[in-house]
Amino acid sequence: MFALVDCNNFYVSCERVFNPALRGRPVVVLSNNDGCFIARSEEAKAIGLAMGAPAFKNRELLKRHKVVVYSANFPLYGDMSSRVMTTLADLAPDLEIYSIDEAFLDMSGFQRYDLDHYARFIRKTVTQHTGIPVCIGIAPTKTLAKVANRLAKKNPCYAGVCLLNTDKEQRAALAITQVEDIWGIGRQWSKFLHTQNIHTALDLAEASLGLIRKHLHITGARVQAELNGKSCLSLEMVRPAKQSICTSRSFGRSVTTFDELHQAVSTFTGKCAIKLRKEGSAASLLTLFICTSPFNAPEKKYWGTRTVTMPHHTQDSIVLIRTAGALLESLFRAGYEYKKAGVIVSRLIPAASSTATLPLFPQEFPVPDDRQKKLMTVMDSINQRYGSGSIQIAAENSAGWKPHQKLLSPRYTTAWKELIEVRTLQ
DNA sequence: TCTGGGGTCCTAGGACCC
DNA sequence: TCTGGGGTCCTAGGACCC
């Protein structure tokens, strides 16, 4: 049996922990650059604020209902998430952290207990330890646990826990779940399924395997099997090493000059390099993209992207920033209003591995010596000790393109200085 | 004025090998 | 008139997730 523990309206709940006056009020959290809604309290959902909708198009509704609006505070949410996960790890031997607000727990050893009762205990403990409310779905497969979790969330009569134990209970749950609400079935596939007269999860479970295999491929067939109680997706307790790392941002205003764009691109590349070193990986491919707003008129649109292979696998900020700078020179077109840029490093290998490809012409691309590696280690330890950004490459600068974050809450749990500011204010 | 960010997996098709 | 069979590797694009 799998239990899926999912935090309710996670980002909003994080804000509420430190500001209890927000309980019972409509609250939303915005995406980076204060763009779209990425979390909504139940009250905000009831008003009709849609997930992913742009805030500026809902200004009237926000004002009329006195909705409390926050900029995204990822350091806070990340820290609260690890508190929730630490609590869960004490309550079940094996867990998979699936996302910032979700974890799968292996319940197979708990069959002799009353699972429903134990799930309620987990729920109570998480709220007691962290202040975050969660819902729990339990079933024999991960996909069914997702279905159960959704029911627990939607239907107050479950009081936060839904256990789908018997075949009969599972079928009944599938009958009241639409295909578009199944984990693994997105917009395109639900559209197709509806044309085939497959509307509910039960319809999908009973559909012809040939049809599913042909149009939804192996991935869809797996979903179908999971709905029928055949477990295809196992618990992944160790996160596999990343295959690519990306840092991208929309700008707070449009950027037109090469220099400002270069500062943004260097900053994103520097962040990728830090993420690479944290992951213990080195990259040999670097992709850069720069673009105007997708909402621009066609003649004002530009989308430029290019990938280069680097002579050595690297995790060195200086090498990567230099490479990205050269790419930018080839992609930059004057006369456009740039709104977003991003850097992706890929073809990753463990940094310590010996599988790195050696260059064909070593005299042209000399292997970096140890001093550069040491420099990066020193940079990272200074930033670790004095806070991120204390020391950086000179090309990094966010003055020109910095995203808007006008409604940011303090980083209550990760920055002493901001906690002290809160106390002073009160 | 204003519209997010960061990932994974799978398939088809092209290029190549003997 | 007629032109094999069996593979691998790589990439782009499309689907999905939170």
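Numbered from 1 within each chain, the chains take letters A, B, ... in sequence-line order. Remember, it's a predicted structure, so these values are computed and weren't measured experimentally.
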Nucleotide by nucleotide, nucleotides 7-18 of chain C touches protein heavy atoms under 4.0 Å in the pattern (B base, S sugar-phosphate only, - none) ----S---SSSS

Paired with A/Tyr338, the ring pair (Phe, Tyr, Trp, His ring centres under 6.0 Å) test is passed by just one of A/Phe251, A/Trp401, A/Phe332, namely A/Phe332

Stems of at least 3 consecutive Watson-Crick or G-U wobble pairs (donor-acceptor distances under 3.5 Å) involving DNA chain B, listed by first number, are B:5-18 with C:5-18

Sorted by chain and residue number, the salt bridge (charged side-chain N to carboxylate O under 4.0 Å, His left out) partners of A/Glu169 (sequence neighbours excluded) come out as none

Distance-only criterion, 3.5 Å: show the donor-acceptor pairs between side-chain atoms of residues 149-156 of chain A and protein atoms not counting sequence neighbours.
unit_1, atom_1, unit_2, atom_2, d
A/Asn149, ND2, A/Leu4, O, 2.8
A/Asn149, ND2, A/Cys135, O, 3.0
A/Arg150, NH2, A/Asp181, OD2, 3.0
A/Lys153, NZ, A/Asp6, OD1, 2.8
A/Asn155, OD1, A/Cys157, N, 3.4

Sorted by number, residues from residues 41-61 of chain A placing a heavy atom under 4.0 Å from DNA chain B are A/Pro54, A/Phe56, A/Arg59

Sequence neighbours left out, cut at 3.5 Å: what donor-acceptor pairs do the side chains of residues 89-96 of chain A make with other protein atoms?
unit_1, atom_1, unit_2, atom_2, d
A/Glu96, OE1, A/Lys142, NZ, 2.6
A/Glu96, OE1, A/Glu236, N, 2.8

Query raised in the report: Contact class for A/Thr247 vs. all strands (heavy atom < 4.0 Å): base, sugar-phosphate, or nothing?
Result: sugar-phosphate

Contacts of A/Asn397 meeting side chain to side chain donor-acceptor pair (under 3.5 Å) (sequence neighbours excluded), chain-then-number -> none

Sorted by chain and residue number, the salt bridge (charged side-chain N to carboxylate O under 4.0 Å, His left out) partners of A/Arg333 (sequence neighbours excluded) come out as none

So, with a heavy-atom separation below 4.0 Å from DNA chain B, the residues of residues 68-77 of chain A are none

Ordered by number, residues from residues 250-278 of chain A within less than 4.0 Å of DNA chain B (heavy atoms) are A/Ser250, A/Lys275

May I ask you to say what A/Arg239 touches in the nucleic acid, namely base, sugar-phosphate or nothing, with a heavy-atom cut-off under 4.0 Å? nothing

Between the CG atom in A/Asn228 and the OG1 atom in A/Thr141, the distance rounded to the nearest 0.5 Å is 9.5 Å

Salt bridge (charged side-chain N to carboxylate O under 4.0 Å, His left out) filter on A/Glu42, not counting sequence neighbours, yields A/Lys45

Is A/Glu337 atom CD crowded by more than 12 heavy atoms from other residues, nucleotides or ligands, each under 6.0 Å away? no

Closest to the 5' end of DNA chain B, once A/Ile38 and A/Thr219 are matched to their nearest nucleotides, is A/Ile38

With a 4.0 Å cut-off on heavy atoms, is A/Ile245 in touch with a base, just the backbone sugar-phosphate, or nothing at all?
sugar-phosphate

Residue set satisfying side chain to side chain donor-acceptor pair (under 3.5 Å) with A/Arg239, at least two apart, ordered chain then number -> A/Glu279

message = If you compare every side-chain N and O of A/Lys340 against the phosphate oxygens of B/dT3 (OP1, OP2), does one of them come in below 4.0 Å?
response = no

